[in-house]
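In what follows, a single structure is set out as structure tokens and then discussed.
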Amino acid sequence: MRFGVVRFPGSCDEVDAVLACERHGEAEILWHGERDLKGVDAIVVPGGFSYGDYLRVGAIARFSPVMEAVAEFARAGGPVLGICNGFQVLCEAGLLPGALLPNTGLRFLCRQVDLVVANADTPFTSECEPGQTLSIPVKHTTGRYHAPADQLAALAEGGQVVLRYAPGQNPNGSLDDIAAVCNEGRNVMGLMPHPEHAVDPLTGSADGGLLFASLAASRLAAA
Amino acid sequence: MTRARVLIRPKEGILDPQGQAVERALPALGFDGVANVHVGRLVELDVDDVARVPEMCERLLANPLIEDYEVIEVHE
């Protein structure tokens with residue numbers, strides 16, 4: 001399994017993402033200015049503040065050369081995981097439905113939250129049980145998931161809501177407690193929490209590792 | 001070139017905590033009688049063809065899913 005982790009100017013979680021991926025395969029950095037995806041099997045768009053998050057979070061990064069290649073990769077069915085800023089970038093790029101707005105509390109949040117697996121039938125959650133609780137940290141200012149009401153209903157019905165904040169733990173005012181959504185093809189997923197920061201019991205939880213293990217397992221299943 | 005001013009606002013009906021925070025702060029300074037405060041963005045630009053600005057808004061300056069925009073031509 002070979003993972004590619006995108007690095008934009010302003011990314012800051014790409015090293016943890018590489019380390020998390022390396023527990024389940026090989027990983028390498030994909031520089032934002034290049035279109036070459038180096039033949040990787042899955043792509044992680046990591047957290048941070050791509051291009052300074054100027055204008056709107058994720059708005060500029062989506063036009064970078066690497067994102068053109070990532071969009072092509074995604075349209076061909078390749079698995080793409082967007083974490084935090086990566087989620088925002090994938091929404092801006094139209095690869096995922098919805099948008100992320102400032103937290104209702106207007107504050108930067110940094111805390112461990114419980115997530116409930118709403119759909120375990122995706123390449124990102126296949127190693128989880130439906131309804132399983134995962135303990136993973138969030139750290140963001142702009143994490144309030146929004147989609148128009150009709151789209152929100154369609155997402156829930158179509159199994160595109162993959163993770164929800166556990167009851168009472170929604171940290172940012174996300175509609176429907178949504179923490180992670182995927183596209184219709186289920187090969188692109190974005191989430192605000194940081195699974196790459198929860199891969200070792202030493203830091204409190206290794207639950208985030210299940211997402212990377214799922215990607216690796218999906219690759220084996222496909223081969 | 002034409003000076004264009006683009007006003008970008010949170011879409012109606014979408015929770016605007018920034019607007020709410022400002023609305024709560026003003027009475028604390030003695031400014032009573034203020035309602036419906038919304039905080040948005042202003043983008044000013046000189047363009048050859050102002051007719052192309054709405055497309056710029058759709059594709060980059062605004063996110064039509066969560067924001068409304070208004071293009072104003074400025075003649076000074």
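Naming: A, B, ... by sequence-line order, numbering from 1 per chain. Keep in mind that this is a model prediction, so the values were computed, not measured.
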Keeping the roles fixed (side chain from B:E67, backbone from B:N63), state whether a donor-acceptor pair exists under 3.5 Å. yes

Just by modelled atom types, is the A:I178 backbone N or O under 3.5 Å from a matching donor or acceptor in the A:D176 side chain? no

Thinking salt bridges, do B:R9 and B:D16 make one under a 4.0 Å N-O criterion? no

Pick from B:A62, B:G13, B:P10, B:P17 with the largest number of heavy-atom pairs that fall under 4.5 Å of chain A: B:P17

Give a yes or no on this: more than 12 heavy atoms of other residues, nucleotides or ligands lie within 6.0 Å of atom CD of A:E28. yes

Given that the side chain runs from C-beta out, which part of A:L101 has a heavy atom under 4.5 Å from chain B: side chain, backbone, both or neither? side chain

So do B:V6 and B:E70 actually touch side chain to side chain, heavy atoms under 4.5 Å? no

In terms of heavy-atom proximity below 4.5 Å to chain A, should B:Q18 be classed as side chain, backbone, both, or neither? both

Measuring heavy-atom distances to chain B, does A:L55 have an atom under 4.5 Å in its side chain, in its backbone, in both, or in neither? both

Contact class of B:L15 relative to chain A, heavy atoms under 4.5 angstrom: both

